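Some notes on the structure that comes next.
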Amino acid sequence: MDVVTTHGATIPKIGFGTFPLKGDDARRMVGYALKAGYRHIDTAQMYGNEAEVGEAIAHAGLGRDEVFLTTKVWPDNYGDGPLQKSVEESLTKLRVDAVDLLLLHWPKFERPIAETVAALNAVHDAGLARHIGVSNFTTALIEQAWSTTKAPLINDQVEYHPYLNQGPVLGAVRKRAMSLTAYMPNARGQVFEDETLGAIGTRHGKTAGQVALRWLYQQDGVIAIPRTASEAHADENIDVLDFALSDQEMTAVFAIARPDGRLLSPPWIAPEWDPA
């Protein structure tokens with residue numbers, strides 16, 4: 001498994017996403033993912049599964065330093081004081097002393113962004129988060145957050161798949177030597193029926209979904225966190241290490257992007273996205 005190294009963090013390029021897994025399904029699938037070879041687990045306060053994720057990791061028989069663990073702070077907990085308290089509660093649920101990466105989940109700020117970024121830094125300084133970052137931030141918001149942070153922001157987690165051109169955000173994170181984590185990398189299943197991806201997959205003996213993940217895997221600084229409630233799909237998603245896409249195939253996948261490719265943009269919390 002290749003890794004992304006950024007600002008002192010080492011992040012496996014394929015992780016296991018846990019939304020919307022709950023209860024026994026979350027415990028089962030995180031436990032299975034760790035047995036299958038995943039070493040990067042992603043959760044969030046909003047997912048309501050931090051306790052189950054923590055239980056599965058605790059029972060996996062792995063050292064704490066063997067699992068890269070990410071969680072995200074929900075906007076209701078932003079601001080100095082509430083953020084720190086919420087992180088302490090997350091750590092209790094996750095059964096860890098610190099997460100490897102702590103992200104601001106969405107850029108919705110009732111108080112000045114500087115206050116919340118300062119609280120994020122306070123959590124980092126206290127050793128409760130080894131690294132900090134953001135999620136669903138646009139290019140302008142990345143620059144705004146960087147203007148107020150002391151510790152480096154190492155990651156922006158955003159929707160990214162073959163149908164969505166994230167060139168502007170990729171440019172912004174690379175400018176800051178950040179990484180980008182792609183959620184919904186299979187575009188809510190749309191990639192599975194894609195003719196271009198299917199044809200490329202046939203040449204390699206792989207599925208269209210595996211081609212989409214491999215396309216992300218081969219991009220500099222990009223991490224993918226596919227989610228599934230199926231053990232078979234979890235195996236399929238991590239089975240992308242034994243083939244490579246040619247330059248021509250990479251270009252063909254980039255060409256799939258379309259103006260209406262974004263799938264997740266809740267109007268009550270989404271920012272004004274960068275034009276593709």
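Quick caveat: nothing in here was measured; it's all calculated off a predicted structure.
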Is the backbone of [Y] close enough, under 3.5 Å, to the side chain of [X] for a donor and an acceptor to pair up by distance?
{"X": "Asp194", "Y": "Leu197", "value": "yes"}
{"X": "Arg174", "Y": "Asp220", "value": "yes"}
{"X": "Arg95", "Y": "Gly54", "value": "no"}
{"X": "Thr251", "Y": "Asp247", "value": "yes"}
{"X": "Gln218", "Y": "Leu245", "value": "yes"}
{"X": "Asn121", "Y": "Val117", "value": "yes"}
{"X": "Asp156", "Y": "Phe137", "value": "yes"}
{"X": "Glu159", "Y": "Leu264", "value": "yes"}
{"X": "Glu66", "Y": "Gly63", "value": "yes"}
{"X": "Glu236", "Y": "His233", "value": "no"}

Close side-chain approach of [X] to [Y], heavy-atom, < 4.5 Å:
{"X": "Lys72", "Y": "Asp42", "result": "yes"}
{"X": "His7", "Y": "His131", "result": "no"}
{"X": "Tyr217", "Y": "Gln210", "result": "no"}
{"X": "Ile57", "Y": "Leu62", "result": "no"}
{"X": "Arg176", "Y": "Glu143", "result": "yes"}
{"X": "Ser135", "Y": "Val158", "result": "no"}
{"X": "Gln190", "Y": "Leu263", "result": "yes"}
{"X": "Pro82", "Y": "Arg111", "result": "yes"}

**Request:** Report the C-alpha separation of Ile200 and Val253 in whole Å, then their side-chain angles, then the decisive distance to 0.1 Å, and conclude whether the side chain to side chain contact (heavy atoms under 4.5 Å, CB included) test is met.
**Result:** CA-CA 9 Å; Ile200 294 172; Val253 179; 3.8 Å; yes
Quiz question: by atom type and distance under 3.5 Å, do the side chains of [X] and [Y] form a donor-acceptor pair?
{"X": "Thr71", "Y": "Glu50", "value": "yes"}
{"X": "Thr181", "Y": "Asn155", "value": "yes"}
{"X": "Glu249", "Y": "His204", "value": "yes"}

With a 4.0 Å cut-off, would you call [X] and [Y] a salt bridge?
{"X": "Glu89", "Y": "Lys93", "result": "no"}
{"X": "Asp242", "Y": "Lys206", "result": "yes"}
{"X": "Arg64", "Y": "Asp100", "result": "yes"}
{"X": "Lys150", "Y": "Asp125", "result": "no"}
{"X": "Glu52", "Y": "Arg28", "result": "no"}

**Request:** Determine, step by step, whether Val73 and His105 satisfy the side chain to side chain contact (heavy atoms under 4.5 Å, CB included) criterion, reporting the C-alpha distance in whole Å, the side-chain angles of both residues, the deciding distance to 0.1 Å, and the verdict.
**Result:** CA-CA 6 Å; Val73 180; His105 202 153; 6.0 Å; no
**Asked** So with a 6.0 Å cut-off around CG of Asp260, is the heavy-atom count from everything else above 12?
**Response**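 Counting neighbours around CG of Asp260, more than 12 heavy atoms of other residues, nucleotides or ligands fall under 6.0 Å, so yes.
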**Prompt:** Does the ring centre of Tyr78 sit less than 6.0 Å away from the ring centre of Trp106?
**Reply:**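 No, too far apart.
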**Asked** Any link between Leu141 and Ile269 through a network of hydrophobic side chains (Ile, Leu, Val, Met, Phe, Trp, Tyr) touching at under 4.5 Å?
**Response**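 Shared cluster, no.
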Check the orientation of [X] and [Y]. Use parallel for under 30°, tilted for 30 to 60°, and perpendicular for over 60°.
{"X": "Phe68", "Y": "His40", "value": "perpendicular"}
{"X": "Phe16", "Y": "Tyr38", "value": "perpendicular"}
{"X": "Phe19", "Y": "Tyr47", "value": "tilted"}

**Worked check of side chain to side chain contact (heavy atoms under 4.5 Å, CB included) between Trp74 and Ser86** = CA-CA 9 Å; Trp74 190 243; Ser86 77; over 6 Å; no
**Message:** Is there a ring-ring contact (aromatic ring centres under 6.0 Å, His included) between Trp215 and Tyr160? Walk through the geometry before answering.
**Reply:** CA-CA 11 Å; Trp215 172 75; Tyr160 189 29; 5.3 Å; yes
**Item:** Between NZ on residue Lys108 and OG1 on residue Thr116, distance to nearest 0.5 Å
**Value:**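 OG1 of Thr116 is found 13.0 Å from NZ of Lys108.
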**Asked** Does the side chain to side chain contact (heavy atoms under 4.5 Å, CB included) test come out yes or no for Ile14 and Arg39, once each step is laid out?
**Response** CA-CA 8 Å; Ile14 298 290; Arg39 292 296 180 266; over 6 Å; no
